[in-house]
Amino acid sequence: MAQEIVIDGIGIAPEVLSAIVSRSLEEVEGVASVGVRDLASNLVSMFSSRSVATTPAVEAEVVDGKLALTVHLTVFFGYPFKKLAEAVREAVLRSIDAQVGVAVERIDVCIDGLVFPKE
């Protein structure tokens, strides 16, 4: 397990922050998944003993007493990235405020994958 994030006297496991962020983005139109779900990487991991390095879905750090998040997403084609990133930031901010109750310095959105519709 990765080292917990300590903010305002609360220790929070990165997996907990990831779960909060993932849940908050379930209803954001255009988000396919939180984190990168690459089929080839999943198959390699499943059918061999070789592990494939992956980026965590949510990275967190404390900056000047505030939480700074980086959210990695796979998104659906056809949704403008700038508008989608703003909707993601708003949803994550609401969830972090409601569940954790700490100040947020920033929420960086990384679009790491794109899902195209079947034609």
Side-chain angles (χ1 to χ4, degrees):
M1 179 185 345
Q3 188 163 347
E4 65 185 18
I5 303 298
V6 178
I7 184 168
D8 280 351
I10 305 169
I12 307 168
E15 295 82 7
V16 171
L17 290 172
S18 185
I20 293 167
V21 169
S22 295
R23 178 74 177 188
S24 72
L25 297 180
E26 287 178 354
E27 301 299 320
V28 175
E29 195 171 337
V31 174
S33 68
V34 178
V36 177
R37 297 220 171 102
D38 177 71
L39 181 61
S41 298
N42 288 343
L43 289 174
V44 168
S45 295
M46 194 181 328
F47 292 112
S48 74
S49 60
R50 190 175 73 162
S51 65
V52 178
T54 58
T55 303
V58 178
E59 299 172 59
E61 63 179 326
V62 177
V63 176
D64 295 328
K66 297 179 182 177
L67 192 60
L69 299 171
T70 301
V71 181
H72 295 271
L73 301 174
T74 298
V75 301
F76 290 111
F77 178 79
Y79 291 86
F81 290 168
K82 190 171 182 176
K83 287 182 182 179
L84 183 57
E86 189 55 39
V88 165
R89 285 185 190 99
E90 289 173 13
V92 170
L93 185 60
R94 277 193 310 270
S95 284
I96 293 295
D97 184 49
Q99 186 66 43
V100 184
V102 299
V104 176
E105 169 72 19
R106 69 176 188 278
I107 300 167
D108 295 327
V109 178
C110 298
I111 298 173
D112 296 335
L114 189 60
V115 176
F116 291 94
K118 290 186 176 183
E119 297 180 280

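With hydrogens and angles ignored, the 3.5 Å screen pairs a side-chain donor or acceptor of Ser22 with a backbone N or O of Ser18.
Summarising the geometry, atom CG belonging to Leu93 is positioned 10.0 Å from atom OG belonging to Ser24; distances are rounded to the nearest 0.5 Å. Expressed to the nearest 0.5 Å, how far CG of Leu17 lies from CD1 of Ile96 amounts to 5.5 Å. Taking CD from Glu105 and CD1 from Ile7, the interatomic distance works out to 10.0 Å, rounded to the nearest 0.5 Å. The CG atom of Leu25 lies 12.0 Å from the CD1 atom of Ile20; values are rounded to the nearest 0.5 Å.
Side-chain heavy atoms closer than 4.5 Å link hydrophobic residues (I, L, V, M, F, W, Y) into clusters, and following such links, even through other members, never connects Val6 to Val58. Hydrophobic clustering (ILVMFWY, side-chain heavy atoms < 4.5 Å, transitive): Ile12 and Val63 are in distinct clusters.
The shortest distance between side-chain heavy atoms of Val31 and Val88 falls below 4.5 Å. The shortest distance between side-chain heavy atoms of Leu73 and Cys110 does not fall below 4.5 Å. Under the 4.5 Å side-chain criterion, counting only non-hydrogen atoms from C-beta, Val100 is not in contact with Asp8.
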Item to check | Check against side-chain contact (heavy atoms from CB on, under 4.5 Å), Thr74 and Leu114 | outcome: CA-CA 5 Å; Thr74 298; Leu114 189 60; over 6 Å; no
Item to check | Criterion side-chain contact (heavy atoms from CB on, under 4.5 Å) on Val109 and Phe81, from CA distance to verdict | outcome: CA-CA 10 Å; Val109 178; Phe81 290 168; over 6 Å; no
Checklist entry - Could you walk me through whether Val71 and Asp108 pass the side-chain contact (heavy atoms from CB on, under 4.5 Å) check? => result CA-CA 6 Å; Val71 181; Asp108 295 327; over 6 Å; no
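Remark: Asp112 pairs with no residue by the salt bridge (charged side-chain N to carboxylate O under 4.0 Å, His left out) rule, at least two apart or across chains.
Surrounding CZ of Arg106 are more than 12 heavy atoms belonging to other residues, nucleotides or ligands, all under 6.0 Å away.
The side-chain hydrogen bond (donor to acceptor under 3.5 Å, both in side chains) pairs that include a residue from residues 75-103 are Glu29-Tyr79, where partners are two or more places apart or lie in different chains. Evaluation of the ring-ring contact (aromatic ring centres under 6.0 Å, His included) test over residues 5-35, restricted to residues two or more places apart or in two chains, returns none.
The two residues Ala60 and Leu67 make their nearest non-hydrogen contact at CB-CD1, 4.2 Å. Considering every non-hydrogen atom in both Glu4 and Pro14, the closest pair reads CA-CD, 4.0 Å.
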